[in-house]
Undergrad: 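One structure follows; several queries about it will come next.
Reminder, nothing fancy here: chain letters follow the sequence lines and each chain counts from 1.
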Amino acid sequence: MDSLTRRLFEELCRIRLIDPHSHIVPTSPASTSLVDLLGYHYFTELAHSAGLAKDRIVESRDEDLVELLLTHLEGVTNTIQYSWLVEIARTFLDYDDPVISPRDARLLFERSIQKMSDPNWTEHVFHATNLDAIFLTNDFDDPLEGFDSALYVPCLRTDDLVFKLDDPHVQNRWRKATGVEPTRMEEGLSVLFKRFTQKGARACAISVPPDFSPVRPSPAKALMALHALQQGSLDRSLREQASHAIFFAIADQCEAFELPFDLMIGVRRGVYSNGVYQGQDLFDQRTSLDQYRALFNDKPRVMFPISVLTHMQNQELASFAWIFPNVVTCGHWWYANIPAYIEADTRARLEAVPASKQIGYYSDAYKLEFVLPKFNMYRRSLARVLANDFVLARGWSEERSLQLGRQILRGNVERIFRV
Amino acid sequence: MDSLTRRLFEELCRIRLIDPHSHIVPTSPASTSLVDLLGYHYFTELAHSAGLAKDRIVESRDEDLVELLLTHLEGVTNTIQYSWLVEIARTFLDYDDPVISPRDARLLFERSIQKMSDPNWTEHVFHATNLDAIFLTNDFDDPLEGFDSALYVPCLRTDDLVFKLDDPHVQNRWRKATGVEPTRMEEGLSVLFKRFTQKGARACAISVPPDFSPVRPSPAKALMALHALQQGSLDRSLREQASHAIFFAIADQCEAFELPFDLMIGVRRGVYSNGVYQGQDLFDQRTSLDQYRALFNDKPRVMFPISVLTHMQNQELASFAWIFPNVVTCGHWWYANIPAYIEADTRARLEAVPASKQIGYYSDAYKLEFVLPKFNMYRRSLARVLANDFVLARGWSEERSLQLGRQILRGNVERIFRV
Amino acid sequence: MDSLTRRLFEELCRIRLIDPHSHIVPTSPASTSLVDLLGYHYFTELAHSAGLAKDRIVESRDEDLVELLLTHLEGVTNTIQYSWLVEIARTFLDYDDPVISPRDARLLFERSIQKMSDPNWTEHVFHATNLDAIFLTNDFDDPLEGFDSALYVPCLRTDDLVFKLDDPHVQNRWRKATGVEPTRMEEGLSVLFKRFTQKGARACAISVPPDFSPVRPSPAKALMALHALQQGSLDRSLREQASHAIFFAIADQCEAFELPFDLMIGVRRGVYSNGVYQGQDLFDQRTSLDQYRALFNDKPRVMFPISVLTHMQNQELASFAWIFPNVVTCGHWWYANIPAYIEADTRARLEAVPASKQIGYYSDAYKLEFVLPKFNMYRRSLARVLANDFVLARGWSEERSLQLGRQILRGNVERIFRV
C-alpha cells in the first residue's frame with residue numbers, strides 16, 4: 001500500500017460505523033470461543049472444499065474441531081477469507097502470525113475462552129470495531145425482545161413469506177404471528193410491519209433466486225393463488241403467483257411504513273446438496289435486474305438497496321441506480337465480496353451512481369468479531385479507488401475524497417435507513 | 001497521472017479528430033447557453049436519480065433551470081459525467097472550480113449566452129476540439145439540407161424502419177420519402193440509400209434491443225409479413241418477421257452502396273416509464289452476439305462497426321472481431337462509457353483484435369461542446385493502457401504506441417467509413 | 001515491469017513445467033519450419049480477420065505462405081498472439097526485432113528449416129522450455145503408440161463420443177476400438193479406459209457447447225436413446241438424451257479408473273462458416289456452471305478441472321471451486337487467454353479458491369515451440385498478481401508468494417493428475 005492509500009485507509013477507519021446488514025444474534029452477539037469463529041461457513045466450506053470430510057466437521061467438538069479446521073485451513077491461506085481470521089487473531093487474540101498453526105490450536109482455544117468470557121467482551125469488540133450500531137436479520141415471527149434496538153437494529157426478513165408459505169409449518173407461524181389466515185395477506189403484513197417498526201426496525205429484506213421475475217397479479221388472482229397455497233396446492237404456476245402476490249404486498253407495506261426494501265438478488269439454494277451447513281448455495285449468472293422493472297416502476301416511493309451476487313451484474317446495478325431514483329447500490333455480497341470484485345465494482349459505482357445512492361458496505365457477519373476485518377477489507381479497496389481514481393486521476397483533494405468515503409460508509413446509511 | 005501517461009495523453013490530444021457518431025443537429029451544432037449543456041440527458045437523469053422531481057425540470061426555464069440543476073448536481077459530483085461539465089466550464093466558460101456552485105448560476109448563464117452568441121462560436125468549438133468532421137444521426141426522411149457534409153457527415157439511422165414501421169404515421173413518412181408502399185421495401189430503401197449517399201452519407205446505423213435475434217425470412221414470407229404490417233396486423237410473429245426482413249434488406253443496401261452498418265446492441269427502451277426525457281432506457285445483460293451469427297455470415301462484404309451496451313459483452317465483441325473479417329469494435333457506448341469499463345475494454349481489444357478493426361471512440365454528443373471532454377476521458381484511458389500494457393509491459397517505444405493510438409483514433413475512421 | 005514483479009517472474013520461470021493440456025502430436029512434436037509456426041490458427045485467423053482471403057492462405061506454400069502471412073500479420077502486431085511469435089523468433093530463431101519483417105521471410109524460413117532439422121531439436125525445445133512432460137489430446141481410437149508416455153502423457157478426448165456418435169463413421173470407429181456395439185456403452189468405455197490408462201493416460205477431457213445441460217437419463221431411457229442413435233434416428237430429443245447418457249457413462253468410468261475429467265466449457269463450433277481451419281468457433285456468454293449441478297453432485301469422487309471460455313464466467317468457476325470439493329479451476333482458455341482476462345481471473349481465483357484446487361495454466365499448443373511464450377505470458381500475469389495482491393497488499397514474503405506460485409504451476413498438476 002502506497003502512502004497516499006494508507007493515509008486514506010487510516011482516515012476511513014476513523015469513521016464510526018453503522019453496519020446495515022448482519023446475522024448477529026443480539027442476545028449472544030460476540031463469540032464465546034474460537035469455535036464460534038472457525039464455525040463461520042466460510043471456513044467450514046473452504047476446509048471442506050480443500051478436502052475435509054463433512055462428517056468429521058459435524059462430529060468434532062471444541063479443541064478437536066479447532067485443530068481439525070486449522071489443519072485443513074492451511075490449504076486455504078491464500079484466500080481473503082483466511083485473512084479475516086488472521087486479522088481477528090491479531091486484533092482480538094494477541095496472535096500475530098500470518099498463518100495460524102494447528103499446533104497452537106489448544107493455546108488459542110483456551111485463550112479465546114478466557115478473553116471472551118470477560119463480561120465486557122461484547123462492549124470491547126464494539127469499541128475496537130468503532131461500531132455504533134448493527135442491523136439484524138429477523139424472522140417475521142421473531143419476538144424482538146431482550147436487546148437494545150439502538151445498538152441492534154431489527155430488520156424484517158421475508159424469504160419465508162415469499163418462498164415458503166406453502167409449508168404448513170410456516171403457515172402456522174404466520175397465523176400465530178399475525179392472528180389471521182395467510183389469505184389475508186395485507187392485513188397480516190400490516191400487523192407484522194407495525195410490530196417491527198414499533199420495535200425499531202429500519203429495513204425489510206429478502207434474498208431471491210436468479211430466475212425470480214415478479215409481476216403483480218390482479219387482486220382476484222392474488223387471492224385465488226393464496227387460497228390455493230393455503231389448501232396445499234402443488235400447482236407450480238399458482239405457487240409462483242402466490243409468491244409474486246406476497247412479494248408485492250410486502251413492497252406495499254414498505255411504502256406504508258416507510259421502510260427500505262433490501263433486495264439480495266441471485267442466490268440459488270442447495271446447489272451442492274452434500275455441502276456443509278450454509279455452504280450449499282451458489283448462483284447462475286444468467287439473471288437481470290430487468291426482472292424487477294415492474295417493481296421499480298410500481299413502487300417509486302420505496303427505496304430498494306440492492307445487493308447482487310455477481311461482479312457481472314454490477315453494471316446493471318450501477319446503471320439501474322443511475323436511472324431509477326428508488327434504486328440504491330448496497331454493499332458487496334458473498335461471492336462478490338472479494339477485493340478483486342469489490343475494487344472493480346466500487347470504481348464503476350463511484351463513476352456512475354449519485355454519491356447519495358450508494359451504501360458502501362455491510363458485514364453480513366454472524367459474530368461481531370468479523371465486522372472489523374470485513375470492513376477493513378472493504379476500506380482498503382475503497383482507499384485504493386479514492387487514491388487512484390479521485391486524488392490521482394481526477395485531482396481531487398484528499399479531504400474531498402474522504403468526504404465521499406464518509407458519505408458512502410456512514411452518511412447514506414443514516415439517511416436512507418433513517419437511523 | 002504519471003509522466004509517461006501524461007506525455008502519451010498530450011500526444012493523443014494532438015491527433016485531429018473525425019467523430020464517427022453523434023446526435024449533433026447540423027443547423028445548430030453548438031450550444032446557445034448553459035441550458036443546452038445542462039439539458040443533456042446525463043445531467044437531467046442523474047439529478048432526477050438523486051432526488052429532483054421530473055416536473056420541476058420540465059417546468060423550470062433558463063436561469064431557474066440552471067440553478068435548479070446545478071443545485072441537484074452537487075449530489076453527483078462524484079460521477080464522471082459531472083467531470084465533463086467541469087471540463088466544459090473550464091475550457092469554454094473560463095470557470096475553473098472543481099464544483100460548479102449554484103450560486104454562480106446566473107453569472108455562468110449570462111456568460112454562456114454572451115460567449116455562445118458570438119457568430120464564430122461553432123468554429124471556435126471545432127478549433128478548440130481539434131475536430132475535422134463529425135457524423136450525424138439522420139432519420140430516413142431527413143431532407144439533409146442546409147449544412148456542409150464535409151463537416152457534418154450524414155448517417156442513415158434505421159430504427160424507425162425496423163421497429164416502428166407498424167405505425168401508420170411512420171408508414172406515411174416512408175411513402176413520402178420513397179414514393180412507394182412499405183411492401184416494396186427493396187425499392188424504397190434503394191431510393192433512400194441513393195439520396196443519402198449522394199448527400200455524403202458514410203454510414204447506416206441502428207440500435208437494437210437485447211433480445212433481437214434476426215434471421216432472414218424467405219422472400220415470400222418477407223412479403224407476407226410486410227403486407228400484414230401495412231394492413232395493421234397485430235400478430236406478434238408477423239411483426240417480428242417484418243422487422244427481420246427489413247433489417248436484412250437494409251444490410252443488402254449497405255452492401256450495394258458500400259456503407260458500413262453500425263450496430264448499437266442492447267438497449268431496451270422505456271424501462272423507467274416515468275424517467276426524464278432520454279433517461280428511460282436500460283438494458284438486460286442476457287444477450288449475445290451469437291444472435292447476429294446469421295447476419296455476419298450472410299453479409300461478408302458489409303463492415304459492421306459494433307457498439308455494445310455492457311462491459312460484460314466486450315469479450316464477445318473482441319472475440320467476434322478477432323474472427324469475423326467484417327466485425328469491427330466501435331467506441332464505448334452509454335452505460336459502458338465510464339473509465340472503469342473503457343479502460344478494461346480497451347485493454348482486451350488491443351490485446352486480441354487486429355489494430356485495423358478498432359474504432360476507438362465516438363462522442364455520441366448532442367452539442368459540440370461535449371466532444372472535447374468525452375474524447376479526453378477516452379484519451380486518458382487509452383494513454384493509460386498504452387503506457388502500462390505496451391510501453392511498460394511489452395517494451396514498445398512511445399512512438400510505436402502512439403502510432404497504434406493514431407490508427408485507433410483517426411486512421412481507421414477514415415479507412416472504414418471512407419471519409 | 002517493476003523489479004519485484006521481475007524477480008518473481010524470473011523465479012517462476014525456474015519451476016520445471018508439466019503442461020497439462022496440449023494438442024501436440026507426439027511423433028512430430030516440434031516444428032519443422034516457420035510454416036508450422038505461422039500455420040497456428042491464431043495467426044491464420046487473425047491475418048484473415050485483418051483482410052487476407054482464405055483462399056490465398058490455402059493455396060500458398062512454404063516461403064510464399066510465410067511471406068504472405070508475415071505481410072498480413074503486420075496488421076495485428078498489437079495482439080498478444082503476435083507477441084508469442086516474436087518471442088519464439090527471438091528464443092529459437094535468433095531474430096530479435098519487435099516486428100518480423102516480411103522482407104525477412106525467406107531468410108527466416110531457411111533458418112528455421114536449418115535449425116529445426118537438427119535431430120536434437122525437440123530435445124532442445126524441451127530443454128529451453130524447462131519442460132518435463134506435456135499432456136496430449138487423443139481420439140478415443142488413437143493407437144497410442146510410438147512415443148514415450150513419460151514425456152507425452154495421453155489424455156482421452158471424448159467430444160466425438162458425446163456429440164458425434166450419431167455419425168455412422170464414428171460408430172464404426174467405436175466398434176473397431178471397443179469390439180462392441182454403441183448400445184453397450186459401459187462395456188465399450190471400460191475397454192477404452194483400460195487401454196488408455198495402461199498406456200499412461202492421466203486425464204479424460206471434453207469440450208462442450210454453451211447450451212449443454214446434462215442430466216443423467218434412467219438406464220432404460222439411456223438404452224433406448226442409444227438404440228435410436230445406432231439406428232440413425234434424427235429425433236432431436238433422443239439424440240440429446242444419448243449425449244447425456246454417454247456423458248454420464250464417461251464420468252462413471254472416470255470414477256472407476258480414477259481419472260480427472262477435464263471440462264472445457266462454452267465453445268460453439270462453426271459459427272463463422274467460411275473461417276479458416278480452426279478459426280470458425282466462437283461462444284455465447286449466456287451459459288452457466290449451474291448446468292453441471294447434477295454432475296457435480298452425482299460424481300463427488302471424480303475431480304473436474306474446468307476451463308471456461310469467458311472472463312465473465314470466471315466468477316462462477318471460482319465460486320463453484322470454492323464450494324464443490326470436486327471442482328478445480330484450470331488454466332485460461334482460448335478467448336479468455338489474454339493478459340487482460342488472465343490477470344483479473346487469476347486475482348479472483350487466488351482470493352477465493354483453495355490453493356490446492358487451482359491448475360494455473362496449460363499451453364493448448366499444437367507445436368512445442370509455443371509452450372514457452374504462452375507460459376511466459378501467464379507467468380508475467382501471475383507475477384504481477386503475486387507482487388501486487390500478496391507481497392504488497394497482504395504483506396506476504398516473496399518466498400511464501402512463490403510457494404503459492406509453485407503449487408499452482410506445478411504441484412497441483414502432479415497431485416491432481418497423479419503424474
Undergrad: Between atom CD1 of C:Ile323 and atom CG of A:Leu46, what is the distance when rounded to the nearest 0.5 Å?
TA: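 Those atoms lie 7.0 Å apart.
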Undergrad: Go through C:Val353, C:Asp389, C:Leu392, C:Thr287 and name the one with the most non-hydrogen pairs under 4.5 angstrom from chain A.
TA: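 Most heavy-atom pairs within the cutoff with chain A belong to C:Thr287.
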Undergrad: For C:Ala393 versus A:Arg384, what's the shortest heavy-atom pair and its separation?
TA: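 Heavy atoms only, the tightest pair is CB-NH1, 4.1 Å.
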Undergrad: Please classify the contact of A:Leu309 with chain C as side chain, backbone, both or neither, using a heavy-atom distance under 4.5 Å.
TA: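 For A:Leu309, backbone heavy atoms alone lie under 4.5 Å from chain C.
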Undergrad: Side chain, backbone, both or neither: which part of A:Ala336 has a non-hydrogen atom closer than 4.5 Å to chain C?
TA: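 Both the backbone and the side chain of A:Ala336 come within 4.5 Å of chain C.
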Undergrad: Would you say C:Lys221 has more than 12 foreign heavy atoms packed within less than 6.0 Å of its NZ?
TA: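 For C:Lys221, atom NZ is not crowded (no more than 12 foreign heavy atoms under 6.0 Å).
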Undergrad: Does anything in residues 392-419 of chain C pair up under ring-ring contact (aromatic ring centres under 6.0 Å, His included), and if so which pairs, sequence neighbours excluded?
TA: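 Counting only pairs at least two positions apart or across chains, the ring-ring contact (aromatic ring centres under 6.0 Å, His included) contacts touching residues 392-419 of chain C are C:Phe135-C:Phe417, C:Phe390-C:Trp396.
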Undergrad: Looking only at heavy atoms, which of residues 400-413 of chain C get nearer than 4.5 Å to chain A?
TA: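 So far as heavy atoms go, C:Arg400, C:Leu404 are the residues that approach chain A to under 4.5 Å.
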Undergrad: Just wondering, do A:Tyr335 and C:Phe320 contact through their side chains at under 4.5 Å, heavy atoms?
TA: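 No, side chains not in contact.
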Undergrad: Check each atom of A:Pro210 against the heavy atoms of chain C and say whether the ones under 4.5 Å are side chain, backbone, both or neither.
TA: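 Contact with chain C involves no heavy atom of A:Pro210 at all.
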Undergrad: What part of C:Gln358 lies closer than 4.5 angstrom to a heavy atom of chain A: side chain, backbone, both or neither?
TA: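 Answer is side chain: those atoms of C:Gln358 sit under 4.5 Å from chain A.
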Undergrad: Determine the interplanar angle of the C:Phe324 and A:Tyr272 rings, folded into 0 to 90°, and report it as parallel if under 30°, tilted if 30 to 60°, perpendicular if over 60°.
TA: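 Rings of C:Phe324 and A:Tyr272: tilted, as their planes differ by 30° to 60°.
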Undergrad: For chain A, which residues from residues 3-16 of chain C lie under 4.5 Å away (heavy-atom distances)?
TA: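 The stretch does not come within 4.5 Å of chain A.
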Undergrad: Between A:Tyr42 and chain C, which part of the residue has a heavy atom less than 4.5 Å away: side chain, backbone, both or neither?
TA: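 Only the side chain of A:Tyr42 comes within 4.5 Å of chain C.
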Undergrad: Are there residues of residues 289-304 of chain C that reach to under 4.5 Å of chain A by heavy atoms, and which ones?
TA: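 From residues 289-304 of chain C, the residues near chain A are C:Asp290, C:Gln291, C:Arg293, C:Asn297.
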Undergrad: If you round to the nearest 0.5 Å, how far is OG of A:Ser49 from NZ of C:Lys357?
TA: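 The distance works out to 2.5 Å.
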Undergrad: Is it the backbone or the side chain of A:Asn78 that comes under 4.5 Å from a heavy atom of chain C, or both, or neither?
TA: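 Both parts, heavy atoms under 4.5 Å.
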Undergrad: So for A:Ile338, is it side chain, backbone, both, or neither that comes closer than 4.5 Å to the heavy atoms of chain C?
TA: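 Looking at A:Ile338, backbone and side chain both touch chain C.
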Undergrad: Atom OG in C:Ser319, atom CD in A:Gln285: separation rounded to 0.5 Å?
TA: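 C:Ser319 OG to A:Gln285 CD: 10.5 Å, rounded to 0.5 Å.
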Undergrad: Among C:Arg347, C:Glu316, C:Arg286, C:Met312, who wins on heavy-atom pairs under 4.5 Å with chain A?
TA: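 Winner by heavy-atom pair count: C:Glu316.
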Undergrad: Determine whether more than 12 heavy atoms belonging to other residues, nucleotides or ligands lie under 6.0 Å from atom CZ of C:Arg269.
TA: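 Counting other residues, nucleotides and ligands, CZ of C:Arg269 exceeds 12 neighbours.
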Undergrad: Going by heavy atoms in the side chains, are A:Phe283 and C:Gln315 under 4.5 Å from each other?
TA: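 Side chain of A:Phe283 against side chain of C:Gln315, heavy atoms only: contact under 4.5 Å found.
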Undergrad: For C:Pro354 versus A:Thr79, what's the shortest heavy-atom pair and its separation?
TA: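 Closest approach of C:Pro354 to A:Thr79, heavy atoms only: N-CG2, 4.3 Å.
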Undergrad: Is A:Arg268 close to chain C through its backbone or its side chain, or both, or neither, when contacts mean heavy atoms under 4.5 Å?
TA: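 For A:Arg268, the contact with chain C is made by the side chain alone.
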